[in-house]
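Because only heavy atoms are used, hydrogens play no part in the values below, and waters and symmetry mates are left out as well, while side chains stay in. In what follows, chains carry the letters A, B, and so on, assigned in the order in which the sequence lines appear, proteins first and then strands, with residues in each chain numbered from 1. Computed from a predicted structure; not experimentally measured.
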There are 2 protein chains.
Amino acid sequence: MVGTHRNLRELLEPVRIREIGDAALRVVSRKGLERTTMQEIADEAGLAKGTLYLYFDSRDELVLHVAESAFEELQVAVAEALARDVAFPERLAAAVLTHVEFFERRRDFFRLFLSVAHPGPGVERSARHSRSCNPLYRAYLDRLASFFAQGQAREEIRPFPPDRLALFVSEGIAGLILRRLGETDPPPVEEDVRLVVDTLTGGINARRNP
Amino acid sequence: MVGTHRNLRELLEPVRIREIGDAALRVVSRKGLERTTMQEIADEAGLAKGTLYLYFDSRDELVLHVAESAFEELQVAVAEALARDVAFPERLAAAVLTHVEFFERRRDFFRLFLSVAHPGPGVERSARHSRSCNPLYRAYLDRLASFFAQGQAREEIRPFPPDRLALFVSEGIAGLILRRLGETDPPPVEEDVRLVVDTLTGGINARRNP
DNA sequence: CATTTCTCTGACCGTTCGGTCAGCGGAGAG
DNA sequence: CTCTCCGCTGACCGAACGGTCAGAGAAATG
């Protein structure tokens with residue numbers, strides 16, 4: 001019967017895609033994006049290399065798919081924190097906390113996040129690795145920038161270029177997270193979050209009147 | 001005469017090492033560290049690939065040598081700014097300015113700086129690319145951290161963990177520089193420097209009484 | 001049972017890269 | 001002019017990677 005075949009394929013394909021994607025994420029988190037090979041993803045997924053090409057046209061397409069999924073997850077989490085209708089410093093704190101906690105939960109995604117955020121070469125494109133996922137990081141930064149712009153419109157924060165500010169903050173946080181992931185026993189999340197939030201809200205100068 | 005031969009070799013070796021190192025830096029700045037090949041460095045230096053191996057044992061050793069030279073140059077520049085005996089915010093501003101200007105002058109080094117700063121893989125070592133240059137970035141961060149620690153001893157800045165603060169600031173600045181290098185017409189250096197310095201000294205909150 | 005129709009496999013291919021080495025060619029010595 | 005020395009060359013090698021494809025093998029069909 002033909003219907004059975006259709007059902008099997010339609011049921012199997014999403015499962016395989018998810019299996020392969022999850023395996024890819026695990027391998028990337030261990031080895032970094034550049035050193036992740038199709039063979040290793042296949043081994044991790046318990047499949048043969050050729051099978052990967054039944055569900056993805058190329059390595060780049062696979063990476064792009066995984067990156068898109070993970071970025072969307074991050075977007076949703078941070079957007080939720082930014083959307084709460086509370087005072088500005090609280091929203092900022094919530095966003096930073098969400099950000100750090102997200103990568104604490106999804107350690108496997110952070111390496112991919114970094115690889116996507118920092119485009120490999122400068123001018124010369126045409127890599128064998130996906131360059132096309134940059135827009136994902138751009139979109140992520142834009143959301144943060146518009147948050148700052150919104151605060152500036154309400155005259156709650158100083159008129160720095162919002163995109164520059166977003167970049168500075170985002171990269172600073174990413175640096176802390178990267179360090180955390182390398183530490184066997186990182187300090188509590190709240191400590192790093194407080195550093196960022198306090199610095200941003202009040203600077204690093206000692207309080208004259210505590 | 002034997003002396004002539006000795007002189008030639010002793011004179012030639014440092015020159016070749018410098019030529020090859022400079023060529024490597026140029027190629028890395030164009031293509032990124034991962035995509036820089038020995039063949040391309042050789043072409044850039046006007047030599048054959050085999051010649052590189054007369055002066056360096058391996059690709060990793062070449063990269064390490066170039067990274068060490070460049071990091072030392074950066075260290076000297078920033079240390080100089082940090083050493084001035086002026087008030088704290090001024091020293092900070094000078095350091096940030098020096099940092100940004102250094103990479104504005106030495107664009108060719110920044111890509112290598114990034115590759116060295118962010119260790120490729122997480123746990124698994126044994127890459128074909130040099131992992132041994134991480135200490136260079138660590139040393140760089142330590143200097144910045146001790147600057148903050150010094151300020152804390154004088155109770156001029158708040159008691160955040162100095163190494164964390166250094167990391168946050170350093171990565172934030174690096175993000176801004178990376179953006180600048182990608183822009184065809186970046187804003188003046190002073191603008192980005194002011195963003196960082198003002199944020200660090202006073203936070204991003206709008207001044208209540210300007 | 002044979003036949004058809006799937007998914008899945010892993011040996012294989014072309015390419016790229018780090019690294020090697022037999023030998024070239026010019027400069028100096030006799 | 002010949003011989004020796006030596007910095008330099010680039011063809012070559014093996015390893016590793018992304019990607020392919022003929023066919024194995026299970027499952028459904030008759």
Side-chain angles (χ1 to χ4, degrees), chain A residues 1-20 23-24 27-28 31-66 120-121 124 126-132, chain B residues 1-20 23-24 27-28 31-66 120-121 124 126-132:
Chain A
M1 184 190 176
V2 181
T4 309
H5 294 162
R6 279 234 183 90
N7 276 339
L8 180 59
R9 183 172 195 106
E10 284 170 5
L11 287 175
L12 190 55
E13 186 162 325
V15 171
R16 284 277 183 261
I17 287 181
R18 169 169 286 272
E19 284 175 352
I20 295 170
V27 176
V28 170
K31 317 265 286 194
L33 179 58
E34 307 276 329
R35 272 200 265 290
T36 292
T37 68
M38 294 299 271
Q39 185 60 59
E40 231 167 333
I41 295 173
D43 292 347
E44 180 79 23
L47 296 170
K49 189 170 65 166
T51 309
L52 305 192
Y53 289 92
L54 297 177
Y55 299 96
F56 297 94
D57 285 344
S58 67
R59 197 192 110 111
D60 281 8
E61 201 201 287
L62 200 168
V63 170
L64 183 60
H65 171 263
V66 173
E124 307 194 19
S126 85
R128 74 172 196 236
H129 289 302
S130 90
R131 300 278 140 246
S132 46
Chain B
M1 186 186 177
V2 181
T4 309
H5 296 161
R6 279 235 182 90
N7 276 337
L8 179 59
R9 182 170 198 112
E10 283 169 7
L11 287 175
L12 191 54
E13 186 163 327
V15 170
R16 284 279 182 260
I17 287 181
R18 170 169 284 274
E19 283 175 352
I20 295 171
V27 176
V28 170
K31 317 264 287 194
L33 179 59
E34 308 276 329
R35 271 205 272 287
T36 293
T37 67
M38 293 298 270
Q39 185 60 62
E40 231 167 332
I41 296 173
D43 292 346
E44 180 78 24
L47 296 169
K49 189 170 63 165
T51 308
L52 305 192
Y53 289 90
L54 297 177
Y55 298 97
F56 297 95
D57 284 344
S58 68
R59 196 193 111 114
D60 280 9
E61 202 202 287
L62 200 169
V63 171
L64 182 61
H65 172 262
V66 172
E124 310 194 19
S126 85
R128 74 170 194 238
H129 288 304
S130 90
R131 299 280 141 243
S132 46

Q) Just how far, in rounded Å, is C1' of D:dC8 from CG of B:L52? A) 11 Å
Q) Is the shortest side-chain N/O distance from A:T37 to OP1 or OP2 of D:dC17 below 4.0 Å? A) no
Q. Atom CG of A:L12 to atom P of D:dA27: distance rounded to whole Å?
A. 13 Å
Q: Find the distance B:R59:CZ to C:dT20:P and express it as a whole number of Å.
A: 15 Å
Q) Nearest of D:dA11, C:dT9, D:dC8 to any side-chain atom of B:K49? A) D:dA11
Q) Rounded to the nearest Å, what distance is computed from the CD1 atom of residue A:I41 to the C1' atom of nucleotide D:dG19? A) 13 Å
Q.
Looking only at the side chain of A:Y55 (C-beta and beyond, no hydrogens), which of the listed nucleotides D:dG19, C:dG19, C:dC8 gets closest?
A. C:dC8
(Q) Which nucleotide wins on minimum distance to the side chain of A:M38, given the candidates D:dG18, D:dC8, C:dT9? (A) D:dG18
Q: Can you tell me the distance, in whole Å, between the CG atom of A:L33 and the C1' atom of D:dG18?
A: 14 Å
Q | Reported CG-to-CD1 distance for the pair A:L12 and A:I17, which is rounded to 0.5 angstrom | A | 9.5 Å
**Q.** Closest to side chain of B:R16, choosing from D:dC8, C:dT9, C:dG19
**A.** D:dC8
Q: Look up atom CD in B:E61 and atom OH in B:Y53, then write down how far apart they are to the nearest 0.5 Å.
A: 11.0 Å
Q. So, are B:R16 and B:E13 salt-bridged, with charged N and O less than 4.0 Å apart?
A. no
Q) Whole-Å distance between C:dT16 P and A:E34 CD? A) 17 Å
Q.
Would you compute the distance between atom CD1 of A:I20 and atom CD1 of A:I41 and round it to the nearest 0.5 angstrom?
A. 9.0 Å
(Q) What's the separation between atom CE in A:M38 and atom CZ in A:R59, rounded to the nearest 0.5 Å? (A) 7.5 Å
Q. What is the distance, rounded to the nearest whole Å, between atom CD of A:E40 and atom P of D:dC17?
A. 8 Å
Q: State which of C:dT9, D:dG19, C:dG19 makes the closest approach to the side chain of A:L47.
A: C:dT9
Q: Take atom CG of A:L62 and atom P of D:dC17, then tell me their distance rounded to the nearest Å.
A: 16 Å
(Q) Using OP1 and OP2 only, check whether a side-chain N or O of A:R35 sits under 4.0 Å from D:dA16. (A) no
Q: Assign each of B:G50 and A:D57 to its nearest nucleotide of DNA chain D by heavy atoms, then name whichever residue's nucleotide is nearer the 5' end.
A: B:G50
